[in-house]
Engineer: 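The following block contains the structure, expressed as structure tokens.
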Amino acid sequence: MISYMPYPVRIDDIVVETEDGNQKTFKLVFENEAHRKAWKHVPGQFAMLSLAGQGEIPIGIASSPTEEDHLLFTVNRAGKVTTALHQMNIGDRMGVRGPLGNGFPVDTEMKGKNVVIIAGGFAVTTLRATLISLLARRQEYGKITFIYGARTPGMLLYRDELQQWAQRGDIDLHVTIDREAPGWEGLVGFVPTIAGEVAPSPENSVALICGPPIMIKFTMPPLEAIGWTDDQVYLSLENRMKCGEGVCCHCNVGPTLVCKDGPVFTRGQVKQLPIEY
Amino acid sequence: MIEEWNKVHVVYVPAMEKQAAASPDWAPGWCRLDSSSIALTFPLPIGPTPASVKTFFFPQPETLLTYTLENNHPDKGLMREPERSRDMQVVLGVRPCDARSVLLNNLPYQEDQFFQANRQRTALVGFSCDQTLSTCFCTRMGGSPLDSEGLDLALSRTEDGFLIEVCSEKGEALVADLELAPAPESDISALAARRNAGGNPSATELDSLKGSELGTLYDAPLWQSLGEACINCGACTFICPTCYCFDIQDEVVRGQGRRIRYWDSCMFPLYSLHTSGHNPRGQKVQRTRNRFLHKLKYFPDRFGPFSCVGCGRCVQDCPVNIDIREVMDDLIHLTAVE
């Protein structure tokens, strides 16, 4: 039964991720041990962050299910609830309702395949969750390619982890920024350009792409040119949501409910939908 | 009968006049019988009651949870189950179309604990329709003016009184302690004959929409003209017994907060507006289309039946005379041409 009741959690840590201060990662721990044990999610799912007096917002889960003792959410300050959340402190109480939605097929279609992850801006959150999950069971997947771009070096999320991933040797990592910046020695260029240069093989592969719509639009042609098909490419949609449980109707894209049927869809599925997202 | 029910249950009947919204037992369009009522009678309009029964299953607002925001309170910000009424409520004067709407709304609300709890505690006593209005089209939607589907007790007029059909356990309980005369066989067979005579030839015609391509319906030329006419007032969605979407908001008064859900409408731009400012249904033609396609395509694709019972309230109350029957005709024509 759907109760709309969030689990009580405490903010255990807050990390300011970006130079503009607009992206913060909140580490949440359950107040009740039974809730922690009951919580099971897959990468790509989301949850409602619930603030008493403010409301709820659907946010992708940035932590992997393998990080069992806490949840991570990276939140962009944009509206009423996110602004209030950004003003909260370590130790404060809030709520989490979920996990919601379907998630990436890490245990099914992705098993045994090469995985290409392409992320732009702060849409990298659920892809971080995915990568951590894949790394925890590294031998169950083929080659992992991770392409991630942000406007400037200071706008990259999870910078410490990016460095660790670069040193591992079992991830083909490409981190890029839009324009030259002082002190930056890595790649420069938009994500679609870099994706075209990396040209990951579609052979026995799946791609997960999250980013601004314009990035996704321009990333597809270079991939299609080297043989990628719509059913190999997974996207994650966003829409305004209220219940997150497929009841309230807010997030519908034609006949499809983003919260319940998604948020993860193949590109083939997305193409069947009217453009209401 | 009503007197007996009123002693132990909360009994609602269709409101004769506009009630004060401040009434503690507020159910828009319905009034609660109070125990001192001398005349336990009520007028029942021809056709659907002014307000649908959705208010009893999906009241607005409904409190989903409560909390305190008092500083230094140990439970500050801790969300709690709300107090909820467990009283049995009996709703009198329900028309067959509205009774059917509850079954349709139950499909998306199958797992919703608030809706289900309200269903548990609500009994519907219906009256079949001897007369219908020009705006009624329940037969087209697969219903009938004589239907008992979704009711707990179904009353039909006979020559010298009412024939009462017991349709559920709740209905059984309502009549258990009453001294009612067994219905004469002739009345029962007369009702069965009237039902058989009814039929619903046009239901299959509408079913052609279910099998049709989404793209054909979505790109239908009529949306443009319909969207031009529609003022997006949302009246149709609020009076509709089968419109069931909701918004959720937090309200705090003097440190005591609650999270409520209340009726929303896909006619409003805010309904789909992203925080970024992007709006997937920013144009009113898109919103008008969404309402009709939800009823005639999206809902049936997901659950089977159309999300419309043909009560005709939206036809009666639309300020710009949009008629869902004409929309259906247009779409059927379109799919037939295809």
Side-chain angles (χ1 to χ4, degrees), chain A residues 1-10 31-32 48 50-58 76-84 88 92-97 212-213 237-258 260-261 272-277, chain B residues 62 64-69 75-82 108-117 214-215 217-219 243-252 255 257-259 261 264 266 270-281 286 289-290 293-294 297-302:
Chain A
M1 277 284 165
I2 304 167
S3 73
Y4 306 97
M5 182 63 72
Y7 295 126
V9 293
R10 296 271 181 188
E31 288 198 56
N32 184 328
M48 287 288 173
S50 192
L51 269 61
Q54 300 295 332
E56 293 186 318
I57 42 165
N76 178 40
R77 181 170 58 197
K80 179 188 165 192
V81 181
T82 54
T83 301
M88 289 177 77
D92 285 350
R93 173 187 274 147
M94 53 181 278
V96 172
R97 184 159 68 80
L237 296 187
E238 296 181 318
N239 249 357
R240 187 184 180 97
M241 288 178 191
K242 289 292 171 177
C243 74
E245 300 265 15
V247 187
C248 82
C249 295
H250 275 261
C251 66
N252 83 297
V253 176
T256 300
L257 296 171
V258 173
K260 193 157 174 143
D261 305 324
Q272 300 292 314
L273 298 175
I275 304 174
E276 291 187 355
Y277 46 85
Chain B
E62 176 135 57
L64 301 178
L65 51 86
T66 61
Y67 47 83
T68 179
L69 287 180
D75 288 344
K76 182 184 175 186
L78 194 66
M79 296 170 193
R80 301 188 171 287
E81 298 273 349
Y109 280 94
Q110 199 80 56
E111 294 295 318
D112 184 284
Q113 68 159 353
F114 295 91
F115 187 93
Q116 294 305 330
L214 170 66
L217 301 179
Y218 195 85
D219 296 328
C243 269
Y244 61 84
C245 77
F246 58 84
D247 194 6
I248 301 176
Q249 294 288 338
D250 280 38
E251 282 188 351
V252 182
R258 60 173 190 158
R259 182 161 295 157
R261 75 167 170 202
D264 203 352
C266 62
L270 190 62
Y271 186 86
S272 49
L273 180 67
H274 290 203
T275 313
S276 65
H278 169 63
N279 197 339
R281 284 194 294 271
Q286 297 170 317
R289 168 173 54 201
N290 188 68
L293 283 190
H294 179 259
K297 181 67 180 163
Y298 308 158
F299 189 94
D301 274 1
R302 191 169 286 266

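First the proteins, then the strands, lettered A, B, ... as listed; each starts at 1.
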Engineer: Check whether Gln54(A) gets within reach of chain B through its side chain, its backbone, both or neither, counting any heavy atom under 4.5 Å.
Structural biologist: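 Interface part for Gln54(A): backbone (N, CA, C, O).
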Engineer: Below 4.5 Å from any heavy atom of chain B, which atoms of Ile57(A) appear? Answer side chain, backbone, both or neither.
Structural biologist: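 No part of Ile57(A) comes within 4.5 Å of chain B.
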Engineer: Do Arg281(B) and Asn252(A) have side-chain atoms, one donor and one acceptor, less than 3.5 Å apart?
Structural biologist: yes
Engineer: Under a 4.5 Å heavy-atom cutoff, which of Ser272(B), Pro280(B), Cys245(B) has the most pairs with chain A?
Structural biologist: Pro280(B)
Engineer: What part of Leu293(B) gets closer than 4.5 Å to chain A, counting heavy atoms only: side chain, backbone, both or neither?
Structural biologist: neither
Engineer: Chain B: which of Gly246(A), Gly79(A), Gly55(A) shares the most heavy-atom pairs with it under 4.5 Å?
Structural biologist: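 Of Gly246(A), Gly79(A), Gly55(A), Gly55(A) has the most heavy-atom pairs under 4.5 Å with chain B.
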Engineer: Using a 4.5 angstrom heavy-atom cutoff, name the option from Asp264(B), Asp219(B), Leu64(B), Asp247(B) with the most pairs to chain A.
Structural biologist: Asp247(B)
Engineer: Which bit of Cys243(A) comes within less than 4.5 Å of chain B, counting heavy atoms only: side chain, backbone, both or neither?
Structural biologist: both
Engineer: Is the shortest heavy-atom distance from the side chain of Gln113(B) to the side chain of Glu81(B) under 4.5 Å?
Structural biologist: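 Yes, close enough: below the 4.5 Å cut-off.
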Engineer: Does some side-chain heavy atom of Met94(A) sit less than 4.5 Å from a side-chain heavy atom of Met79(B)?
Structural biologist: no
Engineer: Who among Leu257(A), Asp92(A), Val253(A) has the most heavy-atom pairs with chain B under 4.5 Å?
Structural biologist: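 Option with the greatest count: Leu257(A).
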Engineer: Check whether any side-chain N or O of Gln116(B) sits under 3.5 Å from a backbone N or O of Tyr109(B) as a donor-acceptor pair, and report yes or no.
Structural biologist: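 Checked: pair present.
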Engineer: Can a donor-acceptor pair be found, under 3.5 Å and without considering hydrogens, that links the side chain of Arg240(A) to the backbone of Asn279(B)?
Structural biologist: no
Engineer: Just so I know, are the side chains of Leu214(B) and Pro274(A) near enough to count as touching, which here means a heavy-atom distance under 4.5 Å?
Structural biologist: yes
Engineer: Which bit of Ile248(B) is near chain A, if near means a heavy-atom gap under 4.5 Å: side chain, backbone, both or neither?
Structural biologist: both
Engineer: If I compare all heavy atoms of Val252(B) with all of Gly53(A), which pair ends up nearest, and what's the gap?
Structural biologist: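 Nearest heavy atoms, Val252(B) then Gly53(A): CG2-CA, 3.6 Å.
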Engineer: Measure distances from Tyr4(A) to the heavy atoms of chain B and classify the residue's part below 4.5 Å as side chain, backbone, both or neither.
Structural biologist: both
Engineer: For the residue pair Leu217(B) and Lys297(B), what are the closest heavy atoms and their distance?
Structural biologist: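 Closest pair (atom of Leu217(B), atom of Lys297(B), distance): CD1-CD, 3.6 Å.
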Engineer: Checking Tyr218(B) against chain A: side chain, backbone, both or neither under 4.5 Å from a heavy atom?
Structural biologist: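 Tyr218(B) touches chain A through side-chain heavy atoms alone.
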Engineer: In terms of heavy-atom pairs under 4.5 Å, which option from Glu31(A), Glu276(A), His250(A) contacts chain B the most?
Structural biologist: His250(A)
Engineer: Side chain from CB out, backbone as N, CA, C, O: work out which of these in Asn290(B) comes under 4.5 Å of a heavy atom of chain A, or both, or neither.
Structural biologist: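 Side chain of Asn290(B) only, per the 4.5 Å heavy-atom cut-off to chain A.
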Engineer: At a heavy-atom separation under 4.5 Å, does Leu270(B) approach chain A through its side chain, its backbone, both, or neither?
Structural biologist: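 Contact with chain A is through both the backbone and side chain of Leu270(B).
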Engineer: Considering only heavy atoms, which portion of Tyr271(B) lies under 4.5 Å from any heavy atom of chain A: side chain, backbone, both, or neither?
Structural biologist: both
Engineer: Whether the His274(B) and Asn239(A) side chains hold a donor-acceptor pair (N or O, under 3.5 Å, no angle test) is what I'd like checked.
Structural biologist: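 A donor-acceptor contact under 3.5 Å links the two side chains.
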Engineer: For chain A, find which of Thr275(B), Thr68(B), Asp112(B) contributes the most heavy-atom pairs closer than 4.5 angstrom.
Structural biologist: Asp112(B)
Engineer: Any salt bridge between Asp261(A) and Arg302(B), counting N to O under 4.0 Å?
Structural biologist: yes
Engineer: Which atoms of Ser50(A) are under 4.5 Å from chain B, going by heavy atoms: the side chain, the backbone, both sets, or neither?
Structural biologist: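 For Ser50(A), backbone and side chain are both near chain B.
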Engineer: Do Arg80(B) and Asp75(B) sit within salt-bridge range, that is, some charged N less than 4.0 Å from a carboxylate O?
Structural biologist: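 A salt bridge is present here (some side-chain N lies under 4.0 Å from a carboxylate O).
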Engineer: Does any backbone or side-chain atom of Asn76(A) lie under 4.5 Å from a heavy atom of chain B? Answer side chain, backbone, both or neither.
Structural biologist: neither
